[in-house]
Amino acid sequence: MADENNPSGGNGGGTGATNGKNGKVGLVERVTTGVKDDIQALKTDIPAKAKEQIEGLKDPTKTQVYTSIFRHKHDDTPRNRALGVLSNVFLHLHPAKINRDAVRYSYTWGMGGITFYLFIILTYTGVLLMFYYHPSKVQAFRDVLYLEHDVPFGKILRNMHRWAAHLMVIGVWLHMFRVFLTGSYKKPREFNWNIGVLLLVFTLLLSFTGYLLPDDQLGFWAVTVGTNMARATPLLGHEGPFGSMLGMTPYNDVRFGLLGGSIVDANALLRSYIWHCIGIPIVASVLMIVHFWRVRKDGGISGPAPVVLEAEADKPRRGPKAAGE
Ligand code: HEM
């Protein structure tokens with residue numbers, strides 16, 4: 001409020017502010033003005049906000065929350081599809097564009113993906129089995145009986161784990177076979193083939209270490225035979241080539257290391273358990289990450305000769321090859 005005694009005309013800033021009566025703008029008056037302004041603002045803001053919310057209920061895709069999550073329109077344009085993939089944390093693990101012919105089931109058999117899917121099932125069911133299983137000579141077999149007969153859904157849980165394990169071994173062989181048949185081990189994919197060979201070995205090791213865990217006759221003798229073969233390992237087995245020259249005996253060679261002793265007993269069970277549940281899954285997971293990353297870096301899945309769909313047969317083909325034709 002302006003005042004004759006206050007040529008500046010201001011009422012803010014404290015000392016220079018005056019009013020007609022005592023030369024100063026009172027605190028009460030300033031608060032009152034502020035409150036009036038706030039009420040005025042609310043009168044306009046509330047209807048605007050209410051209108052926005054009603055609009056949001058009519059069309060949720062226009063709300064601030066929705067657009068902060070889905071940042072691109074769902075128009076079916078190549079650009080929007082690519083942006084949709086690139087800006088989503090899960091989808092961006094896949095390439096934004098792929099060669100349609102390379103992902104035909106008749107070409108890949110889907111075997112790499114199926115093998116990975118089985119690995120996920122094995123990890124999930126394996127963790128659930130850990131809630132019931134103790135890796136000790138006294139309890140291991142009893143826990144398996146308990147799972148089979150008493151634990152709710154225990155039988156199906158154990159069998160899901162067993163069947164997924166068998167299928168993963170079959171899947172990884174078939175995947176390797178298809179990679180071989182399509183010549184996908186050739187340049188530039190040689191390195192990924194080698195990662196694949198390691199994955200095959202670790203898949204078989206997962207299967208082998210799981211064999212002993214029920215502590216039944218089948219597992220006991222399988223591991224007895226398997227680890228007896230380790231006696232003959234070159235250099236590291238006491239019966240293998242050059243083993244004895246390097247000082248290998250039944251009490252310090254690779255078989256002894258695998259069993260944690262010279263016979264298949266409690267230490268072997270504990271070692272199998274730790275390799276099976278911790279050591280090998282971690283190494284295999286890291287190798288899988290490298291494997292998938294390499295598939296992308298090597299230009300995506302290798303492709304067969306392009307297939308022309310019936311619907312597209314009459315349309316002019318795109319790309320440099322088509323231009324040169
Ligand atoms: C745990 C085992 C494995 C998993 C989960 C796995 C997974 C995959 C996946 C998802 C792909 C994409 C293409 C497809 O699905 O066919 C792939 C490609 C490939 N894998 Fe494997 N794989 C495994 C083992 C192996 C083995 C044992 C080999 C060979 C020794 C191998 C060699 C390759 C190669 C060279 C490619 C690129 C193929 C191409 O571009 O056509 N992988 N793998």
Side-chain angles (χ1 to χ4, degrees), residues 81-82 85-86 88-130 160-211 213 226 272-308 319 321:
R81 284 156 138 195
V85 171
L86 293 174
N88 179 299
V89 70
F90 299 109
L91 292 182
H92 97 279
L93 298 175
H94 296 275
K97 280 187 174 186
I98 47 161
N99 175 0
R100 179 177 55 205
D101 301 319
V103 286
R104 286 192 349 243
Y105 279 109
S106 55
Y107 182 75
T108 64
W109 302 344
M111 274 305 149
I114 289 174
T115 308
F116 179 62
Y117 171 65
L118 289 166
F119 180 73
I120 302 286
I121 291 186
L122 283 162
T123 310
Y124 184 68
T125 52
V127 170
L128 293 180
L129 286 173
M130 286 170 84
M160 276 177 75
H161 197 75
R162 279 181 81 91
W163 280 99
H166 295 320
L167 292 176
M168 184 173 169
V169 171
I170 296 170
V172 76
W173 280 115
L174 288 177
H175 170 58
M176 188 177 174
F177 185 49
R178 125 33 218 168
V179 170
F180 176 73
L181 287 183
T182 54
S184 310
Y185 52 84
K186 293 181 198 165
K187 198 179 167 193
R189 298 183 172 80
E190 316 92 310
F191 178 66
N192 215 13
W193 171 269
N194 286 304
I195 299 283
V197 172
L198 291 178
L199 278 171
L200 173 73
V201 171
F202 281 103
T203 306
L204 298 180
L205 284 176
L206 270 175
S207 186
F208 184 65
T209 49
Y211 220 159
L213 299 185
S272 282
Y273 179 70
I274 295 168
W275 280 119
H276 186 76
C277 301
I278 302 173
I280 303 174
I282 289 179
V283 180
S285 304
V286 172
L287 286 172
M288 277 181 217
I289 292 169
V290 178
H291 196 60
F292 300 153
W293 178 76
R294 277 272 27 126
V295 170
R296 280 187 73 170
K297 291 291 150 186
D298 292 339
I301 301 171
S302 62
V307 170
V308 181
K321 227 180 162 192

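Counting starts at 1 for both ligands and their atoms, in listed order. In this chain, numbering begins with 1 at the start of the sequence shown.
Within the listing of ligand 1, atoms 13 (C), 14 (C), 16 (O), 38 (C), 39 (C), 41 (O) sit less than 4.0 angstrom from a heavy atom of Arg178. The Met288 neighbourhood of ligand 1 comprises atoms 1 (C), with distances under 4.0 Å to a heavy atom of that residue. Each of the following atoms of ligand 1 lies closer than 4.0 Å to a heavy atom of Leu200: 27 (C). The distance from ligand 1 to the heavy atoms of Val197 drops below 4.0 Å at these ligand atoms: 30 (C). Taking every non-hydrogen atom of Ser184 and a distance limit under 4.0 Å, the qualifying atoms of ligand 1 come out as 35 (C), 38 (C), 39 (C), 41 (O). For ligand 1, the atoms lying closer than 4.0 Å to a non-hydrogen atom of Phe292 are 7 (C), 8 (C), 9 (C), 10 (C). Close approach of ligand 1 to Val179 (heavy-atom distance below 4.0 Å) involves ligand atoms 33 (C), 34 (C), 35 (C). For ligand 1, the atoms sitting less than 4.0 Å from at least one non-hydrogen atom of Met176 are 29 (C), 30 (C), numbered in the order shown with element in parentheses.
Between the CZ atom in Phe119 and the CE atom in Met288 there is a gap of 4.0 Å [rounded to 0.5 Å]. Interatomic distance, Leu93 CG to Trp293 CH2, rounded to the nearest 0.5 Å: 14.5 Å. To the nearest 0.5 Å, atoms CH2 (Trp109) and CZ (Phe177) are separated by 5.5 Å.
For OH of Tyr117, the number of neighbouring non-hydrogen atoms (other residues, nucleotides, ligands) closer than 6.0 Å is 12 at most. By the 6.0 Å contact criterion, CZ on Arg296 is enclosed, its count of non-hydrogen atoms from other residues, nucleotides or ligands being greater than 12. Around atom CH2 of Trp193, more than 12 heavy atoms belonging to other residues, nucleotides or ligands sit under 6.0 Å away.
Looking only at protein heavy atoms, the nearest one to atom 13 (C) of ligand 1 is Ile301 CD1, 3.6 Å. For atom 27 (C) of ligand 1, the nearest protein heavy atom (residue, atom name, distance) is Gly196 O, 2.9 Å.
Between the side chains of Tyr107 and Ser302, at least one donor N or O lies within less than 3.5 Å of an accepting N or O.
Between Tyr185 and Phe180, the two ring planes are parallel [angle under 30°; tilted spans 30° to 60°].
At a heavy-atom distance under 4.0 Å, only side-chain atoms of Val295, from C-beta outward, approach ligand 1.
Not a single heavy atom of Tyr185 sits under 4.0 Å from any atom of ligand 1. Heavy-atom distances between Met111 and ligand 1 stay at or above 4.0 Å for every pair.
Pairing each heavy atom of Ala102 with each of Thr108, the nearest pair is O-CG2, 3.1 Å.
Angle NE2 (His175) to atom 21 (Fe) of ligand 1 to NE2 (His291): 170°, rounded to 10°.
The distance criterion of under 3.5 Å between nitrogen or oxygen atoms is met by Arg189 with respect to ligand 1.
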